[in-house]
Amino acid sequence: MGLFGSKGRNHLKGYKELSKHSEIINLEAKEGMKVYFPTMAPNRTPITYDVKPGDKVLAGQRIGVRTDFYVPIYSSVSGTVLANEKVFSTQLGMPIPHVVVESDGKNELAEPLKTVSLDSSVDEIFDAIKESGICGMGGAGFPTYVKYSGKNNGKIHTLLINGVECEPFLTTDFVKMEKEADKVVKGLELLLKVSGATKAIVCLKVHKEEARDALKAAIGNRQDMVVREVPDQYPMGWEKTLVQEVMKKSYEKLPSEVGVIVNNVQTVICLGDVLLTGHPVTDRLVTVSGNAIKNPTNVNCKIGTLAKELIAAAGGYTEEEISLIPGGPMCTKAVNTDNFPMLLPMGSLTILKFRKVVADACLRCGQCTYNCPAQLQPVELKRAFDSKDVTRMIELDAMSCVECGTCSYICPSHIEVTDYVKKCKALVRLRKK
């Protein structure tokens, strides 16, 4: 628990205007283009593949499955499987082997999955969600079907749909809500039935009038869905902050403890698409923005497309030295390569002018503690890391950190506090193993 119990909300300059009204660039699966699928999940468990080099595959064909959760992997293009290739994984922070599929440019579709409708049973809808392979598209990548499993039966009264997009630069949620509001409604109809909830609340930040009005028009006079505007504060998109803001409730581990399921708005859109058409997700909208990219915009790409291809589509870098961030600038660290694939949970590439920052000594001002939305004491966690005191890290509840970056952002000494807390979490995981 933090010393002052701050909710840790700050207004950040959003830079959304750079890309939110730009024309979407569509990267088609041309002949010879390659897409990459990792052989390890974000938690380092293996992904097993049903295909081998030389096999012909179709777009939407199942080619593998995770071994921890049941999450099928679908090819995003039609073409030929090539030999595995080692490229960088942003989820694991290192190069790992990837299964490579070379597009034949035809985009031939596999047989669709079993579809469902509002007349389908709860079990049929749940099974379809599980088979869809969709994981949270807000960045976390948690398998969506788990939230709708039987253990929550009778407990859920509200679906909270997260379209807040509180990180600077990101605009894909805004664009999707504005252009595909009807798909939000279609997805929610199915999720309301499978969850047993009686209401869905679609949340977005204030001053997003185009998306708000499109959603309200699509919802119409329905009593089971509503649009809710929330303050332009960071990290409003974090589940605990959003549940507290909208529901006025707090919980220990999961929103289901207070009768709520939280889904990203693009997760809802994609689920509706897959469940109603039977075609697995093969594309992803990605914001490519920042002050070191020529044409900030949103790019629609095939899952597994390398980041460098999206960057080229947006006009390329404008600086010799840049910081390439595979995500938003608050939660994600820069990487030293653009040779990594864009996967389903990855919604942005932020490209900034390189700026060298020299940290000063800690002032013991307490701002990191006061502003921590998880009510932790980041400076004390840094001290525990410096002394390699894992017991102290556990006492300080390091694992409750959501890595939002607020402590680093707010630090007047420019200390990368979040990095130290991440390292604490890694040491705690090792201790628990």
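Throughout, numbering of the chain's residues begins at 1 and tracks the sequence. Quantities reported herein were computed from a predicted structural model and do not represent experimental measurements.
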*Asks:* Looking at Lys248, I want to see if its NZ is surrounded by more than 12 non-hydrogen atoms of other residues, nucleotides or ligands under 6.0 Å.
*Replies:*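 Above 12, so yes.
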*Asks:* Specify the closest pair of heavy atoms between Pro38 and Ile96, including all atoms of both residues, with the distance to one decimal.
*Replies:*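 The pair with the smallest heavy-atom distance is CB-CD1, 4.0 Å.
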*Asks:* Which pair of non-hydrogen atoms, one from Cys331 and one from Lys422, has the smallest distance, and what is that distance?
*Replies:*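 Residues Cys331 and Lys422, closest heavy atoms: O-NZ, 3.8 Å.
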*Asks:* Just do the side chain to side chain donor-acceptor pair (under 3.5 Å) check on Thr45 and Asn43 with the steps written out, would you?
*Replies:* CA-CA 6 Å; Thr45 57; Asn43 60 3; 2.7 Å; yes
*Asks:* Counting distance only, does the side-chain N/O of Thr332 pair as donor-acceptor with the main-chain N or O of Pro329 below 3.5 Å?
*Replies:*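 No; zero donor-acceptor contacts below 3.5 Å.
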*Asks:* Is there a donor-acceptor pair under 3.5 Å between the side chain of Arg284 and the backbone N or O of Ile303?
*Replies:*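 The answer is no, because no donor-acceptor pair under 3.5 Å joins these two groups.
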*Asks:* Would you call Lys333 and Glu416 a salt bridge, using N to O less than 4.0 angstrom?
*Replies:*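 Between Glu416 and Lys333 there is no salt bridge, as every charged N stays at least 4.0 Å from the carboxylate O atoms.
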*Asks:* For the residue pair Val417 and Ser408, what are the closest heavy atoms and their distance?
*Replies:*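 Closest pair (atom of Val417, atom of Ser408, distance): N-OG, 3.0 Å.
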*Asks:* Could you check whether Lys20 pairs with Glu178 (Lys NZ or Arg NE/NH1/NH2 to Asp/Glu carboxylate O, under 4.0 Å)?
*Replies:*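 No.
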*Asks:* Ion pair present between Lys147 and Glu239, side-chain N to carboxylate O less than 4.0 angstrom?
*Replies:*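 Between Glu239 and Lys147 there is a salt bridge, with a charged N closer than 4.0 Å to a carboxylate O.
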*Asks:* Regarding Lys130 and the six-membered ring of Phe126, is the cationic atom NZ or CZ under 6.0 Å from the ring centre and inside 45° of its axis?
*Replies:*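 The answer is no; the distance or angle limit is not met.
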*Asks:* At what distance, to the nearest 0.5 angstrom, does CD of Gln91 lie from CZ of Phe340?
*Replies:*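 The distance works out to 11.0 Å.
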*Asks:* Centroid-to-centroid, Tyr70 to Tyr145, below 6.0 Å?
*Replies:*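 Judged by ring-centre distance (under 6.0 Å), Tyr70 and Tyr145 do not meet the cut-off.
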*Asks:* Do Asn298 and Thr287 have side-chain atoms, one donor and one acceptor, less than 3.5 Å apart?
*Replies:*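 There is such a pair (donor and acceptor under 3.5 Å, judged by atom type) between the side chains of Asn298 and Thr287.
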*Asks:* How many angstroms lie between NE2 in His279 and CD in Glu111, if you round to the nearest 0.5 Å?
*Replies:*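 It is 9.0 Å, given to the nearest 0.5 Å.
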*Asks:* Are any of the side-chain heavy atoms of Arg228 and Glu245 separated by less than 4.5 Å?
*Replies:*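 Arg228 vs Glu245: side chains touch.
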*Asks:* Using a strict 4.0 Å threshold on nitrogen-to-oxygen distance, state whether Arg212 and Glu229 make a salt bridge.
*Replies:*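 Yes, Arg212 and Glu229 are salt-bridged.
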*Asks:* What is the distance from atom NZ of Lys425 to atom CG of Leu381, rounded to the nearest 0.5 Å?
*Replies:*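 These two atoms lie 10.5 Å from each other.
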*Asks:* Under 3.5 Å, is there a donor-acceptor pair between the Asn339 and Thr337 side chains?
*Replies:*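 The criterion, which ignores hydrogens and geometry beyond distance, is not satisfied for Thr337 and Asn339.
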*Asks:* Quick one: does Thr297's side chain have a donor or acceptor within less than 3.5 Å of a partner on Ser22's backbone?
*Replies:*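 Not confirmed, Thr297 side chain does not pair with Ser22 backbone.
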*Asks:* Can we say Arg392 and Glu395 salt-bridge, meaning some charged N sits less than 4.0 Å from an Asp/Glu carboxylate O?
*Replies:*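 Glu395 and Arg392: salt-bridged.
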*Asks:* If you look only at distance, which donor and acceptor atoms sit under 3.5 Å apart when one is on a side chain in residues 262-275 and the other is two or more places apart or in another chain?
*Replies:*
| from | atom 1 | to | atom 2 | distance (Å) |
| --- | --- | --- | --- | --- |
| Asn263 | OD1 | Tyr148 | OH | 2.4 |
| Asn264 | OD1 | Gln266 | N | 2.8 |
| Asn264 | ND2 | Asn162 | O | 3.4 |
| Asn264 | ND2 | Asp173 | OD2 | 3.2 |
| Gln266 | NE2 | Thr172 | OG1 | 2.9 |
| Gln266 | NE2 | Asp173 | OD1 | 2.7 |
| Thr267 | OG1 | Met137 | N | 3.0 |
| Asp273 | OD2 | Lys183 | NZ | 3.3 |

*Asks:* Under 3.5 Å, is there a donor-acceptor pair between the side chain of Glu167 and the main chain of Met330?
*Replies:*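 Side chain of Glu167 to backbone of Met330: a pair is present.
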*Asks:* I'd like to know whether NZ of Lys253 has more than 12 heavy-atom contacts from other residues, nucleotides or ligands below 6.0 angstrom.
*Replies:*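 No, not enclosed.
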*Asks:* Judged by atom type as modelled, is there a donor-acceptor pair below 3.5 Å linking the side chain of Asp127 to the main-chain atoms of Glu124?
*Replies:*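 Absent.
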*Asks:* Which heavy atom of Thr67 sits nearest to which heavy atom of Pro46, and what is that distance?
*Replies:*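 Shortest heavy-atom contact: OG1-O, 2.7 Å.
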*Asks:* Ring-plane angle category for Phe174 and His21, please: parallel below 30°, perpendicular beyond 60°, tilted otherwise.
*Replies:*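 The rings of Phe174 and His21 stand perpendicular, inter-plane angle above 60°.
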*Asks:* Which heavy-atom pair separates Val260 from His157 by the least distance, and what is that distance?
*Replies:*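 Closest approach of Val260 to His157, heavy atoms only: CG2-CE1, 4.2 Å.
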*Asks:* So, is the end of the Lys382 side chain (NZ or CZ) under 6.0 Å from the ring centre of Phe385 and within 45° of the ring's axis?
*Replies:*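 Verdict for Phe385: no cation-pi partner in Lys382.
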*Asks:* Over all heavy atoms of both residues, which pair between Ser149 and Val146 is shortest? Give the atoms and the distance, please.
*Replies:*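 What the structure gives for the nearest pair is OG-O, 3.0 Å.
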*Asks:* Are the side chain of His98 and the backbone N or O of Val35 linked by a donor-acceptor pair below 3.5 Å?
*Replies:*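 No; zero donor-acceptor contacts below 3.5 Å.
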*Asks:* Is the backbone of Met94 close enough, under 3.5 Å, to the side chain of Ser89 for a donor and an acceptor to pair up by distance?
*Replies:*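 No, Ser89 side chain to Met94 backbone: no donor-acceptor pair under 3.5 Å.
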*Asks:* Is the backbone N or O of Ala29 less than 3.5 Å from a side-chain atom of Ser103, with the two atoms forming a donor-acceptor pair by type?
*Replies:*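 Such a contact is found between Ser103 side chain and Ala29 backbone.
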*Asks:* Identify whether the distance between the nearest side-chain nitrogen and carboxylate oxygen of Glu189 and Arg222 falls below 4.0 Å.
*Replies:*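 Salt bridge present between Glu189 and Arg222.
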*Asks:* Keeping Glu257 on the side-chain end and Leu254 on the backbone end, is there a donor-acceptor pair under 3.5 Å?
*Replies:*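 Confirmed, Glu257 side chain pairs with Leu254 backbone.
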